[in-house]
Amino acid sequence: MRVIGTGSARPAKVVTNAMLEGMLDTSDEWIRERTGIVERRVISSERLEELAIEAAKRAIEDAGVSPADIDYIICSNVVNEYVTPALSCIVQGAVGAKCACVDVNAACSGFIYALDMADDRIKSGKAKTVLVLAAEEPTRMVDWSDRSMCVLFGDGAGAVVVTEGDELFVSRLTTKSMLDCLYYRRRLEPTPYVETEEISGPMYMNGREVFKTAVLSSSRDISHILKEAGLTPSDIKYYVLHQANMRIVDAIANYLKLDMSHFPHNVEYSGNTSSASVPLLLDTLSREGKLQRGDKILMSAFGAGFTTGACIVEWAK
Ligand code: COA
């Protein structure tokens with residue numbers, strides 16, 4: 001497959017560290033030092049589906065295709081107001097596409113899983129042009145009185161349009177069941193028959209465990225796919241990494257012994273936007289004219305599950 005268009009959308013509301021200092025026992029210094037985050041965009045008057053639709057429309061426009069040309073939509077999403085139908089179905093109607101749609105939930109790695117599925121769909125000949133998007137509102141999963149969680153996240157949506165081509169070199173997806181490290185459970189409707197205790201509450205995360213696992217697994221994935229593609233770390237123009245924490249990006253850069261010019265980042269202004277972080281950053285790079293034809297881009301993400309996904313694409317837009 002080949003990426004032919006990108007788009008993104010972020011909520012209007014900016015929540016700065018200073019604003020959080022006013023409501024929590026935290027400090028700008030603590031948040032910056034531990035995460036690199038300065039501010040994040042948070043859903044307020046918008047709905048997530050509106051951001052998803054906006055990102056999708058921008059990617060379709062950028063690709064120069066008609067909605068009628070799209071023959072599959074895959075949306076990565078963890079939560080939104082609708083449990084059903086899938087967010088991709090809502091986007092389909094709003095952009096005027098007529099194709100089959102599906103949502104995937106691989107947590108923060110979801111965009112890479114969705115891209116990989118799109119590649120398979122194209123390779124099998126079942127689709128020619130696929131809209132792949134990620135739309136996330138993790139700020140609706142955390143407890144806003146818990147300083148260790150709410151400072152980390154932001155909301156947003158990113159999208160790409162992909163079509164036939166040979167520009168996806170390699171991809172690697174891994175999953176290791178690690179429920180205790182990161183989860184969010186929702187209470188379902190009661191029935192007269194349910195006898196088990198149902199637990200619900202805000203998202204839980206063992207930050208230290210996630211940090212360690214993220215650095216190790218992402219570094220391992222990157223080494224693996226570089227080797228498979230026959231490339232060295234410096235052959236990659238940009239490592240578009242999941243924007244969860246600047247210290248994780250720094251640790252991976254250190255591991256690869258590369259200078260930070262290979263590691264674009266926006267976590268400082270977006271917070272962790274879950275699976276939307278990779279396509280959001282990709283769209284920014286593309287619109288700022290930082291990507292040239294032939295550039296090799298490595299994307300890598302990790303998230304609840306524990307899932308990881310990484311791939312290398314050549315820029316051919
Ligand atoms: N402001 C001030 N203090 C805070 C705080 C905040 N917002 N959040 C936590 N603290 C405190 C803790 O209460 C703790 O205090 P104590 O030592 O008195 O108990 C102290 O800071 C250290 O907490 P700890 O959780 O050990 O900090 P840390 O260095 O591990 O940093 C994270 C916390 C969450 C930033 C870090 O673990 C991390 O980035 N993990 C990965 C998260 C991630 O990437 N998640 C996304 C997965 S997709």
Side-chain angles (χ1 to χ4, degrees), residues 8-9 43 47-53 55-56 72-92 99-121 130-142 149 152-160 162 171-189 198-206 210 213-214 217-218 221 242-244 271-280 299-311:
S8 63
I43 291 260
R47 293 210 150 106
L48 187 65
E49 62 260 34
E50 291 165 0
L51 297 181
I53 292 163
Y72 206 53
I73 300 178
I74 310 172
C75 179
S76 161
N77 172 254
V78 177
V79 293
N80 73 89
E81 286 177 70
Y82 288 88
V83 172
T84 195
L87 207 45
S88 49
C89 301
I90 300 171
V91 170
Q92 186 233 42
C99 56
C101 302
V102 69
D103 278 17
V104 298
N105 178 354
C108 302
S109 315
F111 178 71
I112 316 263
Y113 276 70
L115 262 190
D116 191 73
M117 284 168 69
D119 187 51
D120 285 346
R121 192 93 188 151
V130 183
L131 171 66
V132 181
L133 65 149
E136 302 279 15
E137 48 184 339
T139 68
R140 303 299 305 274
M141 294 157 63
V142 294
M149 287 296 276
L152 305 174
F153 296 95
D155 306 318
V160 296
V162 298
S171 66
R172 174 179 158 91
L173 308 177
T174 78
T175 302
K176 184 176 177 204
S177 186
M178 279 173 71
L179 200 58
D180 289 351
C181 159
L182 180 51
Y183 63 80
Y184 175 56
R185 292 175 72 170
R186 251 187 309 200
R187 198 183 288 275
L188 302 177
E189 300 301 321
E198 299 218 314
I199 300 160
S200 70
M203 182 158 76
Y204 168 83
M205 178 172 72
N206 178 338
V210 170
T213 312
S217 57
S218 215
D221 284 356
H242 173 38
Q243 301 289 297
N272 178 349
T273 56
S274 186
S275 72
S277 84
V278 166
L280 264 164
M299 301 179 232
S300 173
F302 52 83
F306 203 86
T307 60
T308 75
C311 65

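Residue indices begin at 1 and follow the sequence shown. Just so you know, these numbers come straight off a predicted model, no measurement behind them.
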Nearest-0.5 Å distance, [atom1] of residue [X] to [atom2] of residue [Y]:
X: Cys99; Y: Leu131; atom1: SG; atom2: CG; answer: 7.5 Å
X: Leu179; Y: Arg185; atom1: CG; atom2: CZ; answer: 7.5 Å
X: Ser88; Y: Ile73; atom1: OG; atom2: CD1; answer: 7.0 Å

For residues [X] and [Y], report the shortest heavy-atom separation together with the two atoms involved.
X: Leu188; Y: Glu198; value: N-OE1, 3.8 Å
X: Glu137; Y: Val79; value: CG-O, 3.8 Å
X: Ser275; Y: Pro279; value: O-CD, 3.3 Å
X: Ala135; Y: Asn77; value: O-ND2, 2.8 Å
X: Glu81; Y: Arg47; value: OE2-NE, 2.9 Å
X: His242; Y: Ser274; value: CE1-O, 3.3 Å

Quick one, [X] and [Y] - any side-chain contact, counting heavy atoms below 4.5 Å?
X: Pro138; Y: Asp155; result: yes
X: Gln243; Y: Thr273; result: no
X: Met141; Y: Phe153; result: no
X: Ile74; Y: Val130; result: yes
X: Met205; Y: Leu152; result: yes
X: Leu115; Y: Val278; result: no
X: Ser218; Y: Thr308; result: no
X: Tyr113; Y: Leu173; result: yes

A quick test of your reading: do over 12 heavy atoms of other residues, nucleotides or ligands sit less than 6.0 Å from [atom1] of [X]?
X: Tyr184; atom1: OH; value: yes
X: Arg172; atom1: CZ; value: yes
X: Arg140; atom1: CZ; value: no

Taking [X] for its side chain and [Y] for its backbone only, find out whether a donor-acceptor pair lies under 3.5 Å.
X: Glu136; Y: Val78; value: yes
X: Ser300; Y: Ala310; value: no
X: Asp103; Y: Leu87; value: yes
X: Asn80; Y: Leu48; value: no

query: Of all residues at least two apart in sequence or in a different chain, which pass the side-chain hydrogen bond (donor to acceptor under 3.5 Å, both in side chains) check with Ser171?
result: Asp116

- request: Please lay out, stage by stage, how Met117 and Val102 fare under the test side-chain contact (heavy atoms from CB on, under 4.5 Å).
  value: CA-CA 11 Å; Met117 284 168 69; Val102 69; 4.2 Å; yes

message: Could you walk me through whether Leu182 and Phe306 satisfy the side-chain contact (heavy atoms from CB on, under 4.5 Å) test, starting with their C-alpha distance in whole Å, then the side-chain angles of each, then the deciding distance to 0.1 Å, before giving a yes or no?
response: CA-CA 8 Å; Leu182 180 51; Phe306 203 86; 5.5 Å; no

query: Which of these, Thr175, Thr307, Asp221, sits in a side chain to side chain donor-acceptor pair (under 3.5 Å) with Ser109?
result: Thr307

